[in-house]
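Just below is one structure, and these are the notes that go with it.
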Amino acid sequence: MRRLSPRRSASTRPGRAVLTREVFWFVVIGVASTVAQALLYWVLRHWSPPVLANFVSLLVVTVLNTEANRRLTFRGSVVRVLQAHLAAGGLFVLAYLVTSGAVLLFRHYRPTASPAAETLVLVPSFALVTVVRFTVLRMVVFRHRHR
């Protein structure tokens, strides 16, 4: 096995450290976002139709998730607040379509399902949306432009 020179080893560590930190914060923020969105949807669903409860919960969580990722996951990036939130807004549309499609499809087959059952069906969609949001924001918006 070939040993890396100190110069090469030192140059690759910052990239790995950044990625490790980003993945750590992504997981923490992603789990918190998924739980928050599920709870908010479940609460709102008691008073509103599924599409509206999904819209409000997704909107609130998208704003909070984007800001948390901007401050913690991608800290040091020179991307401005407005730019990050505009990009997340574009992703919001996709996320809303995916999650609304999931809940409406479920309601089509189970019209008498409880809000709790709907929430359980939505959790994987919320998690998928969080992964897509992180991936797109990391690749397109933040692109490791640090100060």
[Y] reachable from [X] in the ILVMFWY side-chain graph, under 4.5 Å edges:
X	Y	result
F55	V103	yes
L58	V61	no
L52	L122	yes
L104	V121	no
L128	V28	no

Tell me if a side-chain donor or acceptor on S57 pairs with a main-chain N or O of N54 at a distance below 3.5 Å.
yes

Determine all donor-acceptor pairs shorter than 3.5 Å in which one atom belongs to a side chain in residues 87-97; sequence neighbours excluded.
unit_1 : atom_1 : unit_2 : atom_2 : d
Y96    : OH     : V51    : O      : 3.4

Audit row: T119, R45, side chain to side chain contact (heavy atoms under 4.5 Å, CB included) steps and yes/no:
CA-CA 9 Å; T119 303; R45 187 56 187 94; 5.8 Å; no

For F26, ring-ring contact (aromatic ring centres under 6.0 Å, His included) partners two or more places apart:
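Testing F26 for ring-ring contact (aromatic ring centres under 6.0 Å, His included), a comparison that skips the adjacent residues, returns F134.
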
Could you give the side-chain donor-acceptor pairs of residues 30-44 under 3.5 Å, partners two or more places apart or in another chain?
unit_1 : atom_1 : unit_2 : atom_2 : d
S33    : OG     : I29    : O      : 2.8
S33    : OG     : N65    : ND2    : 2.8
T34    : OG1    : G30    : O      : 2.9
Y41    : OH     : E118   : OE1    : 2.5

Locate the shortest heavy-atom distance separating L72 from R21; write the atom from each residue and the value.
O-NE, 3.9 Å

Sub-4.5 Å side-chain heavy-atom contact between H85 and E67:
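H85 reaches E67 side chain to side chain.
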
